[in-house]
Amino acid sequence: MPCGIIKNVLILFDQDGIMPGKANSLEKEYKAKEVEEKWVKTWKEDMYFFDWNSKKPHFIIDTPPPYPTGSFHIGNALNWCYIDFIARYKRMKGYEVLFPQGWDCHGLPTEVKVEEIHGIKKSEADRDEFRKLCIKFTEENIEKMRKTMKRLAFSIDWSKEYITMYPEYYTKTQISFVRMYKKGLIYRGYHPVIVCPRCETTIALAEIEYKKGLTNLNYIRFGDGENSIVIATTRPELIPACVAIAVNPEDKRFKDKVGMKIKVPLTDYEVEVIEDEDVDPEYGTGAVMICTFGDRQDVKWWKKHNLELRIILDRNGKLNEKAGKYAGMNVREAREAILDDLAKEGRLLKQETVEQNVGVCWRCKTPVEIIAEVQWFVKIDRKKALEAARKVKWIPEHMLSRLESWVEGMEWDWVISRQRIFATPIPVWYCKKCGEVVVAEEEWLPVDPTKDKPKKPCKCGSEEFEGEKDVLDTWMDSSITPLAITGWPYDWKDFDYPVSLRPQGHDIIRTWAFYTILRSISLVNRIPWKEIVINGMVLGEDGRKMSKSLGNIIQPDEVIEKYGADAMRQWAATGVIGSDVIFTWKEVIAASRFQQKFWSVIRFTHSHLMGERVEKADLRIADRWILSKLAKLVKSVNEFMDKYRFDETLKAIRSFTWYEYADNYLEIVKNRLYSGEKHERDAARFVLYTVADTLIRLIAPITPFLAEECWSVINGNGSVHLSSYPEPEEYEKYIDEEAEKSGELMKEIVAGVRRLKHEKGLALNAPVKLVKIYPSLKIDERDVAGALNAKVEVLSEMPDVEVRIKEIKPDFSVLGPMFRDKVKEIIKAIEKMSEEEKWKLIREGLKVEIGGELIELKPEWFKAVTEKVVSGKVVDVLEIGETIVFVEF
RNA sequence: GGGCCCGUGGUCUAGUGGUUAUGACGUCGCCCUCACACGGCGAAGGUCCCCGGUUCGAAUCCGGGCGGGCCCA
């Protein structure tokens, strides 16, 4: 079909040999998934490698090491998006950015999962074997999560990855332990732990479930005669563990008992009656016995009043020799025996049934017990920690008060030992002969004291040691991340410490943030970071926390699969830092629509540039108007990004791109681009390039894939992510207040005429004969004419406008009942009136003769429809500020 | 029980002492105009939770109440 081809060529080329807006080689639809997958494969990992020797200013981010569960959840995604926005922005702003990635591997959930998968119990498994299984499981999980992270385009320096379960990392944890021990900041002491008597293991708070049940509240008389008091308890079996009796200080009933020593029944010792405002006077008799330990309230009182420790219960749930004749019984047996004995002595006065919430082991549903064991502690210097915390800049500021109120209310030191397997070993041995505590020397590390031996004998000469079986709390690993990523301790880049930024969620302010501050000041006496930025949690579409039971969980992979990573990232950007964010598909869909819009703009731009760049241009009003707006956009986007206000950033970019640039500027210059003179067109083409190039770079941190794809269309080679961020100073030259006002006016004129067509029920492309404008500012009539597709005349003088009554509309609901059959004649009479009479009727009323009768017509019965006439032609008039527009259809 | 945050058109959301309160989605009209129908143009829709106070003026500040959320106990 040679004819067809020739015909096409003739149409496509204009006199300059360029094809304006035709033969677009680019896909009409922006296929996010295809584009994104292409760039994931194309991008080189070393794009984001960090160099300590770089002369650029350094920006180091102490990123959170997630727990490798195997799925990178949406909360992680939100947090990492924020981090990546910052990292990419700072990189483009000329910083050498370190965006490391760590994995906080140790912990109970993995142990539980491994037990489940392999059908084993860690208490029976070989320690070493069990640990290996945990490592393997964790490695697989990390790999899965890495994949999602790469797909989301996080600009991580993977060469700096750290994994806390590997010796390279946990050696650092052990060194930190040794150093703090040597400074006297770590010690051993008794501390309550929660155990499941059936599993015979320590369990964490998180592993406790609560069960409602009924139990007896027993009223028991302690002591005799004067020195007696009646207490109520649900745990009579713990009487041999009683260390005090407490009453409320406000309770007048016991005023004379306070300070008194009272004998504990069935034992041979006495305890003191003390006061505490936590005692509920309404419960039981208002007097309670404090035991070590019946529940967590007991632990609190025990610490607060510095009471004696009397442990009568062992790990296996049996009473020990301290319980006297009850030794060897389990809790239930002891309870019966003790109640029996109390009854015999006449001390059991009353029993009543009460409801009770019992903590049970999540696995076997056995009620848990609290016992005390020797644990390792980190000393907490609250004052120093608070001072340090206040030196860090908190974003948002109010998050600091969460830490403050937490620290101020802390009741005891940080217990760092755990009775588990998969964790960093505590590098300590105990001499079997003299009991000496031998802490590893730094150069022996890493060690596992359950396998390794100290490299020198004990002070007493013995070489027989018992290795510490307890391991460290996971927070001991993760609370040194800022130190670890800066090479501490042997290759420490202290010039980059404190690091620039810690991004994290508000759920772990009291743990991760607090412990990191504590450890940093303990180890190197410096704050860990200059700034901490707190992100919110992700809530489900129903506004509630995502949870399996509510069925409102959304996985990032699902979002990526449906709308792509950039859409997901835009959703993340719509959140306000520090606030919880609701996940909504609507937002993701809106984001992907914006991508399509952005792509269409780029496609349009490309079709008018075809790789050419216009260097010099004779800019017209509209061009200067949009460039001035662009300059202001650049300025505010920089400000928003500096404040980590990604929501404002994205909103500003979106509304400029969509509502200023695409809807208005492009519509105004289209005519110039398609059928203008070369210089007219080039001015627009210059703007087209400048705006596209700027917008691509502005949005690059948020939507890296879209930006890269568009960059390759507009700029060809290289990567937008290695380019520079638009700086406000570079754009200052475009700021032009006068052009902005004129541009706005032109926009208003075009919009006004469009609205007029709409009101008249005309199609928007309906022809307009003539538009006459009496402008208050300079306008570009060529562009206005082009945009309106009409002839435009700019008037230098305000023409005479005659207002005529076109029609008079009577209010029939008044006239009808009043004049009945005469109404028709009244209408006829009005129609016959002269212009002058009609005006009189509308303004002050008029008397008319109908059928020989004089009738007075009142003005409020009528409405006038007027029309305006200029030079004898009927026109529509628009008033835009001081500007008057006459439109002739 | 403690700490913190929040309460703005149907839904979600921005905002902050001062003229007609932002945007998105949804709804309702009109339009397949040569970048985009995942589009364009236009419209309707709000006691800015309630009550008091400060102020010339409060959605915005203060106090109280009600409701929701998160973290911790």
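In what follows, every chain begins at residue 1, and chains take the letters A, B, ... in the order their sequences are listed.
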Test of understanding: with side-chain contact (heavy atoms from CB on, under 4.5 Å), list the residues that count as partners of A:A246, not counting sequence neighbours. A:I274, A:V279, A:V288, A:I290
Expressed in angstrom and rounded to an integer, what is the separation of A:Y661 atom OH from B:rC36 atom P? 15 Å
side-chain contact (heavy atoms from CB on, under 4.5 Å) with A:N664: which residues, sequence neighbours excluded? A:W625, A:K747, A:R754
When every nucleotide of nucleotides 3-9 of chain B is labelled 5' to 3' by its protein contacts under 4.0 Å (heavy atoms), B for base, S for sugar-phosphate only, - for none, what sequence of letters results? SBS----
Distances under 3.5 Å only, N/O to N/O: pair up the protein atoms with those of nucleotides 21-27 of chain B.
{"unit_1": "B:rA24", "atom_1": "OP1", "unit_2": "A:Y659", "atom_2": "OH", "d": "2.8"}

Using Watson-Crick geometry (N1-N3 plus N6-O4 or O6-N4) or G-U wobble (N1-O2, O6-N3), each under 3.5 Å, B:rC70 is paired with B:rG3
When you check the phosphate oxygens OP1 and OP2 of B:rC38, does a side-chain N or O of A:K28 lie under 4.0 Å from one of them? no
What pairs meet the side-chain hydrogen bond (donor to acceptor under 3.5 Å, both in side chains) rule with one or both residues in residues 574-591 of chain A, with sequence neighbours excluded? A:H506-A:D580
RNA chain B-proximal residues of residues 635-648 of chain A, any heavy atom under 4.0 Å: A:R645, A:E648
A:F583 CZ to B:rU13 P, straight-line distance once rounded to whole Å: 15 Å
By the Watson-Crick or G-U definition, both distances under 3.5 Å, B:rG52 is matched with B:rC62
For A:W711, the ring pair (Phe, Tyr, Trp, His ring centres under 6.0 Å) test, sequence neighbours excluded, returns none
What integer distance in Å separates A:L788:CG from B:rU33:P? 18 Å
Rounded off to whole Å, could you give me the CH2-to-C1' distance for the A:W599 and B:rC36 pair? 12 Å
Send over the distance from A:I534 CD1 to B:rC70 C1', rounded to a whole Å. 13 Å
Nucleotide paired to B:rG57 in any strand shown, Watson-Crick or G-U, under 3.5 Å: none
Separation of A:L756 atom CG from B:rC30 atom C1', in whole Å? 15 Å
Counterpart residues, side-chain contact (heavy atoms from CB on, under 4.5 Å), relative to A:D663 (two or more places apart): A:K597, A:W658, A:Y659
So A:Q595, base contact, sugar-phosphate only, or nothing? Heavy-atom distance under 4.0 Å. nothing
For A:P396, the side-chain contact (heavy atoms from CB on, under 4.5 Å) test, sequence neighbours excluded, returns A:H398, A:M399, A:I534, A:I577
A:E561 versus A:K33: any side-chain heavy-atom pair under 4.5 Å? yes
Residues at least two apart in sequence or cross-chain that pass ring pair (Phe, Tyr, Trp, His ring centres under 6.0 Å) with A:H191, listed by chain then number, are A:F377, A:W412
Go through the structure and list residues passing salt bridge (charged side-chain N to carboxylate O under 4.0 Å, His left out) with A:E387, not counting sequence neighbours. none
Scanning all shown strands, the Watson-Crick or wobble mate of B:rG42 with both distances under 3.5 Å is B:rC28
For the pair A:E709 and A:K31, find out whether any cationic side-chain nitrogen is under 4.0 Å from an anionic carboxylate oxygen. no
For A:F646, which residues count as a ring pair (Phe, Tyr, Trp, His ring centres under 6.0 Å) partner, sequence neighbours excluded? A:Y82, A:F85
